[in-house]
Amino acid sequence: MDEIPGWHAGCSWLAGGTWLFSEPQSAVDTLIDLDRLGWVPLTVTEAGLEIAATCRVADLHAFAGPEAWRAVPLFRQCIDSFLMSFKIWNAATVGGNVCMSLPAGAMISLTAALEGVCTLWPREGAPRRVPVVDFVTGNHANVLQPGELLRSIHLPAAALSKRTAMRQVSLTKLGRSAALIIGTVGAYGADFLLTVTAATPRPVQLRFPACPSAEALRDALDARLPGDAYFDDVHGSAPYKQHVTRYLAEQIRSELA
C-alpha cells in the first residue's frame, strides 16, 4: 500500500477486470494492477484455507484440498451456479466477486457459508479482519473505505470439515440466482448453520446448536426474514423469493439431518 501514495477518487484496483472492462467507467482514470503483486492464489495450512483476493475462479474450481475437508465440493457447486462462461472463470477473481457485493455473488455465498473472514488493507493503519457475512452490507454495497483493499479471505478448517448441502434456483435455466441457500453441519449433527443469499440484499445466517426441526427452522426464518426483507428485482419478486427460501431451506435441513 505504501507504493501507491497518491490515491484519488479516479483510482480503481484491477484484478480480473471482468466487470471493470464490461462497461464504461467514466469516473476511473487510473488502474492499479493487483495481479502484478504475485499473491499465491490458495494457501493450505492447519488453520484452514487462505484465498488471495486475486485467486482466479478457475483455480478455486480445480482445488482438491485435504481429504478431511468435506466442504470442498461446495466450491464447484457454487462456481457452477455463476451466470458466466468458462472463459470468464479464467479471468474473474474471487475477491472481485466479493467486492462487487451483488446479492447473487456466488463467491459471497460460498465464503459466507464457510464462515470466511476477510483481511482488509486500509490506506492508513493496520490491517483489519471482517467476517464475509458482515462485509457485504447491501446490494452492491460493502464496508470497504475509499482506497481500502481486500487482501484475502480465510476459510477456517473447522468450517471446511463440515458436511454441506446447497440449493439454488433461477427463474430461467441460465439466469441469475433468485435464491442460493447453503447449509453446513458439524460432527454428530452439531452446529447447524444456514446461509441465505441471492434472495436477500446481503447474506443472512441462522445458527442452531444442532439440526433443528422443520418447524423451528421455519419459525426462525420468518422471524429473521419477514416478507419485506427479501430482494425484489427482475430475477424474482419478494414473495417468490420468500417462498423458495422456505422450500429450499427445508430440503437442506432434511438432507443434513
Using the side-chain hydrogen bond (donor to acceptor under 3.5 Å, both in side chains) criterion, which residues pair with [X]? Sequence neighbours excluded.
X	value
Thr195	Gln205
Thr200	none
Thr93	none

Sorted by chain and residue number, the ring-ring contact (aromatic ring centres under 6.0 Å, His included) partners of Phe75 (sequence neighbours excluded) come out as Phe63
Listed partners of Tyr247 passing ring-ring contact (aromatic ring centres under 6.0 Å, His included), at least two apart:
none
Compute the centroid of each ring, for Trp13 and then for Trp7, and state whether the two points are separated by less than 6.0 Å.
yes
Hey, are Gln168 and Ser177 close enough side-chain-wise for a donor-acceptor pair under 3.5 Å?
yes
Between [X] and [Y], is there shared hydrophobic-cluster membership here, with clusters defined by ILVMFWY side-chain heavy atoms closer than 4.5 Å?
X	Y	answer
Leu74	Val185	no
Leu60	Met166	yes
Leu225	Phe192	yes
Ile181	Val132	no
Leu149	Val117	no

Electrostatic pair Glu255:Arg167 at N-O distance under 4.0 angstrom:
yes
Could you walk me through whether Leu14 and Leu34 pass the side-chain contact (heavy atoms from CB on, under 4.5 Å) test, one step at a time?
CA-CA 6 Å; Leu14 170 64; Leu34 297 176; over 6 Å; no
Taking it one step at a time, do Leu160 and Leu114 satisfy side-chain contact (heavy atoms from CB on, under 4.5 Å)?
CA-CA 7 Å; Leu160 288 164; Leu114 295 181; 4.0 Å; yes
Any idea which heavy atoms bring [X] and [Y] closest together, and the distance?
X	Y	value
Val72	Ala64	CG1-O, 3.2 Å
Pro212	Leu217	CG-CB, 4.1 Å
Val143	Asp134	CG1-O, 3.5 Å
Pro203	Val136	CD-CB, 3.8 Å
Ala238	Gly227	CB-O, 3.8 Å
Thr184	Leu256	N-CD1, 3.8 Å

Sequence neighbours excluded, every pair satisfying salt bridge (Lys or Arg N to Asp or Glu O under 4.0 Å) that has a member inside residues 236-250
Asp222-Arg246, Asp233-Lys241, Glu250-Arg253
What pairs of residues pass the salt bridge (Lys or Arg N to Asp or Glu O under 4.0 Å) test when at least one of them lies in residues 100-116, not counting sequence neighbours?
Glu115-Lys162, Glu115-Arg207
Nearest-0.5 Å distance, [atom1] of residue [X] to [atom2] of residue [Y]:
X	Y	atom1	atom2	result
Cys118	Arg151	SG	CZ	12.5 Å
Leu193	Leu206	CG	CG	8.5 Å
Cys211	Asp191	SG	CG	11.5 Å
Ile153	Cys55	CD1	SG	9.5 Å
Gln25	Ser12	CD	OG	7.0 Å
Thr119	Ile51	OG1	CD1	11.5 Å

Any pair counted as side chain to side chain donor-acceptor pair (under 3.5 Å), so long as it reaches residues 60-74, sequence neighbours left out:
His61-Asp80
All pairs passing side chain to side chain donor-acceptor pair (under 3.5 Å) where residues 35-50 contributes a residue, at least two apart
Asp35-Arg56, Glu50-Ser152, Glu50-His154
Exam field: side chain [X] to backbone [Y], donor-acceptor pair closer than 3.5 Å:
X	Y	value
Arg129	Leu120	no
Arg202	Val133	yes
Thr30	Gly10	no
Gln251	Leu248	no

Using residues 99-112 as the side-chain source, report each donor-acceptor pair under 3.5 Å to any protein atom, sequence neighbours left out, with the distance given to one decimal.
residue : atom : partner : partner atom : Å
Ser101  : OG   : Val98   : O            : 2.9
Ser101  : OG   : Cys99   : O            : 3.3
Ser101  : OG   : Asn142  : ND2          : 2.9
Ser109  : OG   : Gly105  : O            : 3.3
Ser109  : OG   : Thr197  : OG1          : 2.7
Thr111  : OG1  : Met107  : O            : 2.6

Stepwise side-chain contact (heavy atoms from CB on, under 4.5 Å) test for Leu221 and Leu194
CA-CA 10 Å; Leu221 269 175; Leu194 187 79; 4.2 Å; yes
Could you check whether any side-chain heavy atom of Pro66 comes within less than 4.5 Å of a side-chain heavy atom of Val44, counting everything from C-beta outward?
yes
Each residue besides Phe231 in its hydrophobic cluster should be listed here, by chain and number; the cluster joins Ile, Leu, Val, Met, Phe, Trp and Tyr at side-chain heavy-atom distances under 4.5 Å.
none
Using a side-chain heavy atom cutoff under 4.5 Å and only I, L, V, M, F, W and Y, what cluster partners does Val40 have?
none
